[in-house]
Amino acid sequence: MHNQKLEIRNAKPEEFEIVGKLMVKVYSQLEGFPKESEQPEYYKMLLNVGDLTEKDNTELLVAISDENKVVGTVVYFSDLKNYGSGGTVTEIKNASGFRLLAVDPIERGSGIGKLLSIECINRARKLNHNQLFIHSTESMKIAWGMYERLGFLRYSEIDFIQGDLPVFGFKLNI
């Protein structure tokens with residue numbers, strides 16, 4: 001995987017089902033993350049993630065391998081009103097955000113998550129947004145390190161609880 005060139009682009013409608021199944025696979029395998037039986041509506045949203053693109057300023061991005069396989073994905077919001085998480089982030093103006101970053105488990109560690117994150121940063125820059133917001137959980141500590149290396153800082157003002165799960169906010173000043 002390390003030597004192949006990835007294409008980052010918007011997902012095509014015929015890829016939505018593949019992307020949804022990848023998200024369910026990734027999130028259900030996170031240690032300490034709620035299982036489908038505990039948060040069925042959340043997993044239904046993951047499975048039908050393509051539906052989010054029906055909202056204004058919402059894009060489902062994919063990383064496509066040389067073999068034309070979806071190996072990673074993220075949802076990018078150029079207007080936080082449709083961000084769809086708990087907390088107060090949806091009230092922030094002139095800023096972007098991303099959530100639901102997922103990388104195929106067999107491709108982890110090859111930089112796909114970083115490339116998807118950088119794509120979101122670049123999209124926010126093109127819109128002259130000076131802030132980019134994300135959320136993460138304790139189950140995603142590996143991703144936290146990547147976000148911090150990209151310059152994201154903890155931003156507790158947008159933390160929230162999803163069921164019994166604490167969700168932590170991060171902000172990147174661009």
Side-chain angles (χ1 to χ4, degrees), residues 1-30 33 36 39 41-85 89-90 95-127 129 131-137 139-152 162 167 170 172 174:
M1 175 67 224
H2 293 280
N3 296 324
Q4 73 176 328
K5 185 163 174 54
L6 295 173
E7 176 188 7
I8 308 282
R9 61 166 169 75
N10 285 55
K12 298 173 184 172
E14 61 268 21
E15 294 168 327
F16 289 175
E17 183 178 351
I18 293 163
V19 172
K21 287 179 179 176
L22 174 62
M23 283 194 176
V24 168
K25 178 180 175 182
V26 168
Y27 281 77
S28 66
Q29 291 179 6
L30 289 171
F33 195 79
E36 189 169 359
Q39 291 197 7
E41 287 303 309
Y42 186 80
Y43 280 90
K44 182 179 176 187
M45 182 270 300
L46 289 176
L47 189 60
N48 298 298
V49 70
D51 293 351
L52 295 177
T53 63
E54 295 171 10
K55 296 179 180 177
D56 291 340
N57 307 303
T58 305
E59 299 173 79
L60 179 58
L61 306 179
V62 289
I64 305 294
S65 71
D66 287 346
E67 296 84 33
N68 207 32
K69 180 182 174 217
V70 175
V71 292
T73 185
V74 69
V75 182
Y76 172 73
F77 301 86
S78 58
D79 184 335
L80 293 173
K81 73 176 185 228
N82 290 320
Y83 187 75
S85 75
V89 73
T90 56
S96 292
F98 67 86
R99 30 183 317 236
L100 307 174
L101 179 72
V103 174
D104 189 322
I106 63 170
E107 305 291 353
R108 284 203 188 116
S110 58
I112 295 168
K114 182 178 178 182
L115 286 173
L116 287 164
S117 299
I118 290 169
E119 178 66 21
C120 293
I121 293 167
N122 290 338
R123 287 175 184 236
R125 276 193 181 117
K126 286 179 188 170
L127 295 170
H129 288 169
Q131 296 176 318
L132 182 65
F133 294 89
I134 59 172
H135 284 94
S136 194
T137 68
S139 303
M140 304 167 186
K141 279 290 200 178
I142 292 171
W144 281 31
M146 175 192 68
Y147 298 140
E148 289 169 348
R149 288 188 296 278
L150 288 171
F152 283 88
Q162 177 180 301
V167 181
F170 291 81
L172 175 68
I174 301 173

At what distance, to the nearest 0.5 angstrom, does [atom1] of [X] lie from [atom2] of [Y]?
X	Y	atom1	atom2	result
Glu107	Lys69	CD	NZ	5.5 Å
Met146	Lys141	CE	NZ	14.0 Å
Leu115	Leu61	CG	CG	12.0 Å
Ile64	Thr73	CD1	OG1	8.5 Å
Thr90	Phe133	OG1	CZ	11.5 Å
Thr137	Tyr27	OG1	OH	8.0 Å

> Which of these, Glu119, Glu15, Glu59, sits in a salt bridge (charged side-chain N to carboxylate O under 4.0 Å, His left out) with Arg9?
Replying inline: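 Result: among Glu119, Glu15, Glu59, Glu15 is the only option passing the salt bridge (charged side-chain N to carboxylate O under 4.0 Å, His left out) with Arg9.
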At their closest point, which heavy atom of [X] faces which heavy atom of [Y], and how far apart are they?
X	Y	result
Leu172	Leu150	CD1-O, 3.6 Å
Ala63	Ile8	CB-CD1, 3.7 Å
Leu22	Pro105	CD1-CD, 4.4 Å
His129	Ser96	ND1-OG, 2.7 Å
Phe98	Val74	CD1-CG2, 3.5 Å
Ala124	Ile174	CB-CD1, 3.6 Å

> For residues Ser117 and Tyr147, is any side-chain donor paired with an opposing acceptor at under 3.5 Å?
Replying inline: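 No, no side-chain donor-acceptor contact under 3.5 Å.
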Is there a donor-acceptor contact under 3.5 Å from the side chain of [X] to the main chain of [Y]?
X	Y	answer
Arg99	Tyr83	yes
Arg125	Ile121	no
Asn82	Asp56	yes

>> Less than 4.5 Å apart, side chain to side chain, heavy atoms only: is that true for Arg108 and Ile142?
In response: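 A side-chain contact under 4.5 Å is absent here.
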>> Less than 4.5 Å apart, side chain to side chain, heavy atoms only: is that true for Met45 and Asp51?
In response: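 Counting from C-beta outward, Met45 and Asp51 never come under 4.5 Å.
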> Just one of Val62, Leu47, Leu52, Thr53 clears the side chain to side chain contact (heavy atoms under 4.5 Å, CB included) bar with Phe16, so which one?
Replying inline: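 Only one of Val62, Leu47, Leu52, Thr53 forms a side chain to side chain contact (heavy atoms under 4.5 Å, CB included) with Phe16, namely Thr53.
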> Quick check: are there more than 12 heavy atoms from other residues, nucleotides or ligands sitting under 6.0 Å from CD of Glu148?
Replying inline: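 Correct, the count exceeds 12.
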> Got a sec: does the CD1 of Ile118 have more than 12 other heavy atoms crowding it under 6.0 Å?
Replying inline: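 Yes - once you tally the heavy atoms of other residues, nucleotides and ligands closer than 6.0 Å, there are more than 12.
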> Run the side-chain contact (heavy atoms from CB on, under 4.5 Å) check on Leu132 and Phe152 step by step: do they pass?
Replying inline: CA-CA 9 Å; Leu132 182 65; Phe152 283 88; 3.6 Å; yes
>> Does the plane of the ring in Tyr42 sit parallel, tilted or perpendicular to the ring in Phe33? Use 30° and 60° as the thresholds.
In response: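 Correct class here is tilted.
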